[in-house]
Amino acid sequence: MLPFSFLLRSCLPSAIRSLPKAANIRNTSSMREGLQPASVVVLPRSLAPAFESFCRANHGPLPLLGCSEPRKVLPRLSTVPDIRTISPQFQKYEFGACTGVLASLEEYSEQLEDMMAFIMDCSFSIEEALEQAGIPRRDPAGPSHSGAYKTTVPCAAIAGFCCPLVVTMRPIPKDKLERLLQATHFLGGQQGQPIHIGNPELLGIKALSKPDYGNYVECLPEDVPVFWPSELTSLEAVRNCKAPLAFTSTPGSTVMIPKDTVSPAGCLTPEMVPEIHAISKDPLHYSIVSAAAVQKIRKLESIIAIDPGNRGIGHLLRKDELLRAALSLSHAHSVLVTTGFPTHFNHEPPEETDGPPGAIALAAFLQALGKETSMVVDQRALNLHTKLIEDAVKQGVLETPIPTLTYQGGSVEDARAFLCKDGDPKSPRFDHLVAIERAGRAADGNYYNARKMSIKHLVDPIDDIFLAAQKIPGISSTGVGDGGNELGMGKVKETVKRYIRNGDVIACDVEADFAVIAGVSNWGGYALACALYILNTCDIHKRYLRRAIGPSRVAGEQSWTQALPSVAKEERMLAILVQNQVRSGVSGKVGMEVDGLPFYGVHDEIVQKLVDATTGHM
């Protein structure tokens, strides 16, 4: 297949020479038959290689179709015999400052000899997608185009080109989001996919009513702001590079080029069909993932949902909690993991073999993704967990040690100070908390094992951290449990009280945003790690995560498969627990079992099923 640049150079000169008879350059975003809109950036020839690389590295806002000499790409507007010739079509920049608007570049023909023109694809129309989705169009509050905003998200910098991402926004009724997503993808492929859905402050946009370009489109209370990358990012790039002379299309102006220079979006395979899922209410935030990835994660959820102990956990299951928890974790930057259930209060250590393996498996994959990962445990058990982590590194279960913290505070202020820098809710240290088989506080303030025995004297009030997080915007939480008395299971406490043995007493009263239920809690930790692998190898989700800027592959991606749980690693991890005299939760035995179930023939098979479902070896 020939490269785009060759196709463009070979077909544009003759095609554009005929455009004066039709519609060379227009102030419109609508298409004519056989033609499609594009925007133009003209830069000194010496900057062309760097700018081309900059566009390739930031394809979302700068979808480069090709580049050529301006005389071959830009028709002379003075030959167009209608009123469009007096409409400003270009902006002139000198050393980063806009010094004029022009209807034609004809007077700069000499300077253009040493310049290159870059053509950006503007064929995707948000308005057309709105129409196809049956969403009434709202015109901006002014004569200009719909508003665009400079964000605090930096584009990938290349050889002197750097600038913030510019986005455009449309308000979409909440119940129309899924329909819009399907329409945008059908019309524009990945180029039609939004890069953020939800609170504009997550992009650094303080006021939607004050766009940097164009006019505000009103956002009603029932609307969700949806953002797409804007080709106006190119204007910021031109400003920041401070070229002695440059030209760009004015916002809203387009060059019309032959449609057949661009590949169509094509058929939607399951790998490319997008789905939208809510992951946070405060701040409002949605994520996007392919339908194929969703089905894989649902398979993981079904694998861990078996109930080998016949505890009745089937009543606690909530569809897609694993999916939403994993999506939220995928967006997180700093994660705090906790574990520890001292059910064997007459033994030393009183911990059980369920919890630490799942927590360490999840932490290992979070580390592989480059996320800051810490663990908080009981002060009493700090030495034990430090030893478990050290041995896990030595045995190759972990790449690097997990920083391990303790928390013994007794007030809301203490919990906020632990979670936030200087106790400031606007500066959280963590944006996601995960509890895996962690003793959870009951309604009466006690902590109970499954036999209704109080273990409060062995448990530090880590629950307070989860309670404080509920009131701090930007911190989400996940609880993983298998009996209803674990931290985070407050989300399903009424069902626990009704269906789980002793549930009226032992049910945890502290809820997490997401409650992942598993037959054994370790399995939930393994499934979260596997779900994160699926998400971060999903092209649709990866593009959304990186806001359609930067390279599609990230450093360390090749190591993700090795960071997944495996039978060999989990066997070594359980052996480490046995060496440290940690007992099985149900039987109390020191041996290769968890919750009374043998590793060989039960746990190893679950691990292998999860890995096979994740990597596609079904």
Side-chain angles (χ1 to χ4, degrees), residues 301 304-322 325 338-347 350-355 358 378 410 412 415 433-471 477-525 583-588 594-597:
E301 194 168 52
I304 66 173
I306 65 170
D307 187 5
N310 295 314
R311 299 180 184 181
I313 66 163
H315 298 288
L316 311 184
L317 297 173
R318 290 193 176 188
K319 184 181 178 182
D320 288 341
E321 288 289 283
L322 176 65
T338 185
T339 190
F341 207 120
T343 188
H344 302 300
F345 52 86
N346 289 325
H347 295 277
E351 271 65 33
E352 61 168 303
T353 50
D354 193 15
D378 295 313
V412 173
L433 314 179
V434 184
I436 299 179
E437 189 66 17
R438 167 73 195 175
R441 184 185 299 153
D444 64 3
N446 283 315
Y447 296 82
Y448 296 98
N449 65 15
R451 299 181 295 279
K452 282 199 304 188
M453 304 297 293
S454 176
I455 54 174
K456 183 177 181 179
H457 60 292
L458 297 172
V459 181
D460 289 340
I462 290 174
D463 303 66
D464 290 343
I465 299 173
F466 280 67
L467 290 170
Q470 294 173 3
K471 299 180 180 180
S477 60
T478 296
V480 180
D482 57 18
N485 55 346
E486 301 89 0
L487 178 53
M489 294 298 106
K491 186 171 183 179
V492 292
K493 63 184 178 183
E494 297 306 320
T495 313
V496 172
K497 292 175 183 178
R498 184 174 180 181
Y499 291 105
I500 302 298
R501 182 185 177 190
N502 299 323
D504 57 328
V505 174
I506 70 172
C508 176
D509 198 51
V510 180
E511 69 178 77
D513 294 313
F514 313 104
V516 176
I517 311 300
V520 175
S521 293
N522 281 342
W523 301 351
R583 298 169 182 271
S584 173
V586 174
S587 67
V594 180
D595 279 356
L597 302 168

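Remark: N446 engages D444, Y448, S454, K456 in a side-chain contact (heavy atoms from CB on, under 4.5 Å) (not counting sequence neighbours). Listed by chain and number, the residues in a side-chain contact (heavy atoms from CB on, under 4.5 Å) with E321 are E301, R318, R324, K491, F514, A515 (sequence neighbours excluded). In terms of the side-chain hydrogen bond (donor to acceptor under 3.5 Å, both in side chains) criterion, residue partners of R311 (sequence neighbours excluded) are, by chain and number, D482, D595. P342 is linked by a side-chain contact (heavy atoms from CB on, under 4.5 Å) to P350, E351, R380, A439, I455, L458, V459, counting only residues two or more places apart in sequence or in another chain. Scanning for side-chain contact (heavy atoms from CB on, under 4.5 Å) contacts around T353 gives L574, L577, V582, S584, V594, with sequence neighbours left out. Y499 meets the ring-ring contact (aromatic ring centres under 6.0 Å, His included) test with H315; sequence neighbours excluded.
Side chains of L467 and R441 form a contact here, defined as non-hydrogen atoms less than 4.5 Å apart. In this structure, the side chains of M489 and I517 come closer than 4.5 Å at one or more pairs of heavy atoms.
In this structure, the separation between CG on N485 and CD on E437 is 7.0 Å, given to the nearest 0.5 Å. With values rounded to the nearest 0.5 angstrom, I500 atom CD1 is found 4.5 Å from L316 atom CG. A distance of 8.0 Å separates CG of L487 from OH of Y447, quoted to the nearest 0.5 Å. For the atom pair CZ of R451 and CZ of R501, the computed distance is 9.5 Å after rounding to the nearest 0.5 Å. The distance from atom CG of L317 to atom OG1 of T495, rounded to the nearest 0.5 Å, is 10.0 Å. Taken to the nearest 0.5 Å, the CZ atom of F341 stands 14.5 Å off from the CD1 atom of I436.
Of the possible donor and acceptor atoms, none in the side chain of T338 sits under 3.5 Å from a partner among the backbone N and O of A435. Side-chain atoms of D463 never come within 3.5 Å of backbone atoms of G440 as a donor-acceptor pair (strictly under, hydrogens ignored). Of the possible donor and acceptor atoms, one in the side chain of N522 sits under 3.5 Å from a partner among the backbone N and O of G355. D307 contributes a side-chain N or O that, together with a main-chain N or O of G312, makes up a donor-acceptor pair within less than 3.5 Å. Judged purely by atom type and a 3.5 angstrom limit, D464 has no side-chain atom pairing as donor or acceptor with the backbone of A415.
The two atoms that bring A442 and I506 nearest to each other are CB-O, 4.3 Å, heavy atoms only. Taking each heavy atom of C508 and K493 in turn, the nearest pair found is O-CB, 3.6 Å. Summarising the geometry of E511 relative to G490, their closest heavy-atom pair is CB-C, 3.4 Å, with the distance given to 0.1 Å. Taking both residues in full, the closest heavy atoms of A512 and S477 are given as CA-OG, 3.3 Å, listed atom of the first, atom of the second, then distance.
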Assess the residue pair D378 and R438 against the criterion (salt bridge (charged side-chain N to carboxylate O under 4.0 Å, His left out)); give the C-alpha distance rounded to whole Å, side-chain angles, the decisive distance to 0.1 Å, and a yes or no. CA-CA 10 Å; D378 295 313; R438 167 73 195 175; 2.7 Å; yes
Taking it one step at a time, do W523 and V480 satisfy side-chain contact (heavy atoms from CB on, under 4.5 Å)? CA-CA 9 Å; W523 301 351; V480 180; over 6 Å; no
Given the rule in the side-chain contact (heavy atoms from CB on, under 4.5 Å) test, do M453 and N346 qualify, once you have shown the distances and angles that lead to the verdict? CA-CA 11 Å; M453 304 297 293; N346 289 325; over 6 Å; no
